[in-house]
Protein chains: 2
Amino acid sequence: MQPPKRSRTATRARLLEGALDVFAERGFAGASVEDICDRAGFTRGAFYSNFASKDELVLALFQATTDRLLEQIEALLPELASQPGTLLDAVLGLLDETAPDQRQWHLISTEFTLHALRNPEAARALNEQRAMFRASLTRLVAEISATSGVRFSVPPEQFVRLVIALHEGARSQSLLEPAEVPAGSLEHTFLPMVLDAVSRPSH
Amino acid sequence: MQPPKRSRTATRARLLEGALDVFAERGFAGASVEDICDRAGFTRGAFYSNFASKDELVLALFQATTDRLLEQIEALLPELASQPGTLLDAVLGLLDETAPDQRQWHLISTEFTLHALRNPEAARALNEQRAMFRASLTRLVAEISATSGVRFSVPPEQFVRLVIALHEGARSQSLLEPAEVPAGSLEHTFLPMVLDAVSRPSH
DNA sequence: TGTATTCAATACAGAACTGTATCCTACTCT
DNA sequence: AGAGTAGGATACAGTTCTGTATTGAATACA
């Protein structure tokens with residue numbers, strides 16, 4: 001069974017891709033279905049042939065983005081864990097490399113977070129994804145700290161939560177004032193202090 | 001010249017108040033002018049008699065909220081600076097007391113931040129407001145650290161940026177998972193470590 | 001080669017939204 | 001009391017949006 005020349009999955013993918021761009025530009029509620037279709041080079045007919053509604057698109061988009069993100073992380077993990085370098089470089093590197101376009105990713109994920117804060121179903125999906133994300137980071141932290149013989153005085157997941165919170169808050173400032181707050185500056189000046197405070201050599 | 005029974009400024013205020021609620025519930029683009037008017041107990045006629053457009057309302061709302069916020073801060077500053085207590089308690093207390101309804105304030109300010117990231121004019125206004133906000137916090141930090149005889153190894157404003165970034169990132173997590181991340185927990189476990197690392201007794 | 005099916009384009013209906021123009025009411029001031 | 005005016009309600013026009021129904025083209029299959 002050969003795939004038809006115009007494959008269904010390909011147009012779905014292009015629609016999702018277009019939605020990502022348009023949502024980043026105009027926000028979730030501000031983007032019309034037609035905007036998304038124009039961006040993808042289709043008409044609304046194609047859209048409603050692939051998605052039941054705009055809401056369904058949002059969840060599908062989130063799931064697709066999430067899946068890709070988690071795949072990337074799993075691919076990067078062994079490399080980062082084995083390579084020499086500090087724990088912080090590995091963790092912050094992972095946060096950055098999984099989101100090559102910082103600005104777009106920040107807009108999209110913040111938008112979706114707001115959506116989740118108003119929509120229980122979206123909240124469940126988001127929390128699930130974030131839990132897996134934290135789990136990956138926590139594993140990375142655990143491995144590196146184990147090989148370098150360091151024990152934490154706080155649960156590693158708590159530390160991961162801190163890193164994520166600071167990273168997201170700092171990214172907001174960096175995007176608003178790129179000149180005053182270079183990307184990563186807050187993390188790189190303060191996280192080493194925390195790491196030093198919570199870590200102590202094992203034995 | 002007595003003010004008319006239906007004062008212009010009062011309806012403006014009620015419209016702004018309604019806009020705050022509705023924007024928090026449905027987002028900026030998701031809220032219609034009619035929604036806002038219904039909430040405030042007026043019709044669109046009153047709205048367009050007070051604002052030129054929905055966009056103008058957003059800026060006005062931001063300015064009004066900002067003004068009130070800065071007033072509150074200025075009122076709280078002397079009290080916090082003089083009262084006994086740790087520097088962190090004062091700073092975090094200020095952050096919390098200026099936003100009694102954490103959830104609504106987070107939704108609104110995040111929404112406006114996204115708006116600013118797509119709209120240079122809004123970005124200017126937002127950055128200006130945030131700069132004044134940081135200035136207040138920085139002054140508070142400077143006063144308390146001076147009276148307690150502590151010097152910082154980093155610029156105090158940098159430290160304030162850290163506190164804000166962490167606070168905002170942590171608030172997002174707390175709202176998404178209230179049970180797992182109690183409000184303020186990340187700040188209270190990690191900020192003391194940073195404070196300890198950056199401060200040293202003067203002389 | 002002819003038929004059936006799948007997918008996207010087009011045309012359309014109904015709703016909602018913004019913004020305007022007009023009307024009405026209530027207050028002010030003389 | 002009566003004229004003038006300010007502020008808000010109502011009605012309306014024009015646009016835009018979502019979602020559906022129909023049509024057309026291309027592919028699979030017999």
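Below, chain A is the first sequence line, B the second, and so on; all start at residue 1. Keep in mind it's a predicted model, so treat the numbers as computed, not measured.
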How would you list, by chain and number, every residue that makes a salt bridge (charged side-chain N to carboxylate O under 4.0 Å, His left out) with A:Arg68, sequence neighbours excluded?
none
Rounded to the Å, how far apart are [X] [atom1] and [N] [atom2]?
{"X": "A:Leu15", "N": "C:dC7", "atom1": "CG", "atom2": "C1'", "value": "12 Å"}
{"X": "A:Asp38", "N": "D:dC17", "atom1": "CG", "atom2": "C1'", "value": "13 Å"}
{"X": "B:Arg14", "N": "D:dG7", "atom1": "CZ", "atom2": "P", "value": "15 Å"}
{"X": "B:Ile36", "N": "C:dA16", "atom1": "CD1", "atom2": "C1'", "value": "15 Å"}
{"X": "A:Phe42", "N": "C:dC7", "atom1": "CZ", "atom2": "P", "value": "12 Å"}
{"X": "A:Phe51", "N": "D:dT18", "atom1": "CZ", "atom2": "P", "value": "14 Å"}

Using a cut-off of strictly less than 4.0 Å, decide whether B:Thr11 has a side-chain nitrogen or oxygen near OP1 or OP2 of D:dG7.
no
Taking 4.0 Å as the cut-off, does a side-chain nitrogen or oxygen of B:Asn50 come that near to OP1 or OP2 on D:dG8?
yes
Okay, side chain of B:Arg103, backbone of A:Leu117: is any donor-acceptor separation there less than 3.5 Å?
yes
Between the side chains of [Y] and [X], is the shortest nitrogen-to-carboxylate-oxygen separation below 4.0 Å, so that they form an ion pair?
{"X": "B:Arg171", "Y": "B:Glu187", "value": "no"}
{"X": "B:Glu157", "Y": "B:Arg134", "value": "yes"}
{"X": "B:Glu111", "Y": "B:Arg26", "value": "no"}

Its contact letters, B for base, S for sugar-phosphate only and - for none at protein heavy atoms under 4.0 Å, make nucleotides 18-24 of chain C read BBB----
For residues A:Ser172 and B:Glu168, is any side-chain donor paired with an opposing acceptor at under 3.5 Å?
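No pair is found: no donor N or O on one side chain lies under 3.5 Å from an acceptor on the other.
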